[in-house]
Amino acid sequence: MSPAKLSIDYEKELNEQQLEAVRHIDGPLLVIAGAGSGKTRTLVYRVAFLVENRIKAQNILLLTFTRKAAQEMLRRASTLLDERCSDVAGGTYHSFSYLILRKYADKIGFKRGFTVLDRSDSEDLINLIRADMGLSLKETRFPRKDTLGDIFSKAANCLTDATSILEKQYPQFFHLAEDIEVVRKRYEETKKDDNLMDYDDLLVYLKELLEKNPGTRERLSSLYRYIMVDEYQDTNKIQSSITSLLASGHGNVMAVGDDSQSIYSFRGANFKNIMDFPSLFPGSKIVTIEKNYRSTAPILSLTNEIISFASEKYSKKLRTDIKGGRKPLFVETQDENEQSRFVCYKILELREEGVSLNNMAVLFRAGWHSNDLELELRKFGVPFRKFGGIKFTEASHVKDVLAYLKAFKNPRDAVSWFRILKLIEGIGSKTAQTLHAEIGRKGGIEKIEKRLYSSKNYRSDMEELKKTASFVNDETTRASDAVRTVLDFYREIFMRVYSEDYPKRANDLDSLAVVAERYSSVEEFLTDLTLEPIEKSQAGTTRENDEDEILTLSTVHSAKGLEWHSVFILQLVDGYFPSSYCFEEPEEMEEERRLLYVAATRAKRNLYLVKPGYLNPARNYFGFSYYGTSQVSRFLSEGRILQDFVERISADV
DNA sequence: GTCGAAAATCTTTTT
DNA sequence: GATTTTCGAC
């Protein structure tokens, strides 16, 4: 490659290791980058560097953990260099797969307009099959739909069968393995027949497409000549196979990750994968970045200490040059509500000191851990946005509306048709089945014969439904108009079904219409919502008020890759964090430790660790608070952490 | 066949 | 403590 005239002074703006990674052009490269070591910066500069070296942006593929992360990186690269960078292809493995499969669906036995099922859709479908097979009536209890969903998903992500997942993780169901495999087989067949794909299928079928169609593989491989993967420690087997298939023509893969931040094993990721990178891509160059640019020394000492008790030895120890800073503060409050009030007061205090709400975050292990805090924040009038936990699109009334759209667009979509038909008064599961069978056969509700329902009292509802369907299915109908028409039909049902609390829920429906404004076609609207579900607390907000100050509440998982000036970690009680769910499994317990490590390394200047002293035993069915007391998280009681690495303060509120 | 009420079940993290 | 499944009355 001829040396181009570069507009960015890379040597000045990057450290030695970052520079080494950025300047690497051809061949596999593994970058082990610790928390806060400028991982994103390295990726952004490398995009710019490649583009400056006359590599077309369209030939670069940037795979990240969320689509938001990809967009943010491309935005930064564009600011750094110029608009060329925004032509880089990027997104999550799932959204990328969707994009490809939409084009090549016919090569793997699907039709182009396939529907993507979200988790609960797929569970509903599993349940239909389960019920149909009469398995729920057996004397030994058969696993429920969510457990089955888990098992199937793990099997897909680990490239194995359900039986081996049962053996390892669900021994109590092992004797049902045969039946479970049959359910799985029928689940797979049904999806294929009805043109449906769940999240895992997007990956499964992309892999299949690449494996079985050398021509397509070569075409894609030569299009995406430079592949960059972020958060590689959280990719699983199927994703790494896809990566290596895509790279089969050139081997230009750059993977960035940190083994000590691996927190997604529940979806088949294994931090050891990152160590397999060099054997998957022979001739790999490895660069390690240990310099931290984010946190003060006392925060780093604590995080280094937390991870040092891990049973696995990780590849690096972080250093920082940021001088000064106070030790992380450890606060023990009386109960959960005092914890909430403490956080509120501290937040207001920090704001007084000039820290914007945008630079503060409250992190916790599970979505519901912030319930009490949310109430308190509302009382204090502190605006917040919550990430993680239940999604907006998971609320049942929102799912209803989406089910109308999905059903109209795909006459074979049994789950959606069942859902919406049963909403009509007088139609139960039997009638829904008959009607859906007819709709599937005729290829749309518009075409079914009137005599099927003409004598019934739901005749007029069916007629209305037909009209709604034909409006939505009109090619020229925009997403927002489709949503509004569905809402007109749904309103009456909505008020009947949610008669106790529909006024509260009504806002969500308006929000849905607002969200739909951004899309032109209904299909685009639907898949976007499934591939990138909207957080509950932001559904109603528009882009404009992004500039307002707002506090972030987030699960640790959703906080991955982000950073704030001041960070609070809540509920540091054994059983909450770590979750009592992992008490039996040493490996999962290790992941909880990494999770706390990820949480604590988000902080730049202030880190508050909060532990409520007493948790209401009624809420803790799982046995960690039998005596009405609660122990501090085991990760903090190790070694001399509480004595030497934090400063204890009183809650004082 | 439908639909409300009582009983059983399990509590996490995400695309 | 809330959701989901099953049961039994209409």
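Values below: all heavy atoms of this structure, side chains included; hydrogens, waters and symmetry mates excluded. First the proteins, then the strands, lettered A, B, ... as listed; each starts at 1.
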Where the side chain of [X] is defined as all heavy atoms beyond and including C-beta, which of [options] is the nearest nucleotide?
X: A/Arg119; options: C/dT5, B/dT14, B/dC3; result: B/dT14
X: A/Lys430; options: B/dT15, B/dT14, B/dT2; result: B/dT2
X: A/His557; options: B/dG1, B/dT15, B/dT14; result: B/dT14
X: A/Lys145; options: C/dT5, B/dT14, B/dT11; result: C/dT5
X: A/Glu425; options: B/dT14, B/dT12, B/dC3; result: B/dC3
X: A/Arg144; options: B/dT15, B/dT14, B/dC10; result: B/dC10
X: A/Asn127; options: B/dT12, B/dC3, C/dT5; result: C/dT5

In dot-bracket notation, what is the pairing pattern of DNA chain B, taking Watson-Crick (N1-N3 plus N6-O4 or O6-N4) and G-U wobble (N1-O2 and O6-N3) contacts under 3.5 Å, with [ ] crossing and | for other strands? ||||||||||.....
Residue whose closest nucleotide on DNA chain B lies nearer the 5' end, A/Glu532 versus A/Gly426: A/Gly426
Is it possible for you to check whether A/Arg112 lies under 6.0 Å from the centre of the six-membered ring of A/Tyr104, through NZ or CZ, and within 45° of that ring's axis? no
How long is the line joining [atom1] of [X] and [atom2] of [N], in whole Å?
X: A/Phe418; N: B/dG1; atom1: CZ; atom2: P; answer: 12 Å
X: A/Arg365; N: B/dT12; atom1: CZ; atom2: P; answer: 9 Å
X: A/Arg67; N: B/dT14; atom1: CZ; atom2: P; answer: 17 Å

Against A/His557, only a single residue in A/Phe65, A/Phe266, A/Phe364, A/Phe387 fulfils ring pair (Phe, Tyr, Trp, His ring centres under 6.0 Å); can you say which? A/Phe266
Plane angle bin for A/Tyr404 and A/Tyr490 - parallel if under 30°, tilted between 30 and 60°, otherwise perpendicular: perpendicular
Quick one: sort the A/Phe494 and A/His397 rings into parallel, tilted or perpendicular, breaks at 30° and 60°. tilted
Sorted by number, residues from residues 591-600 of chain A placing a heavy atom under 4.0 Å from DNA chain B are none
Integer angstrom distance from the P of B/dT12 to that of C/dT5: 16 Å
Just call it for A/Asn457: base, sugar-phosphate, or nothing, with non-hydrogen atoms closer than 4.0 Å on any strand. nothing
According to the 5.5 Å centroid and 30° plane-angle thresholds, does A/Tyr264 stack upon the nucleobase of B/dT14? no
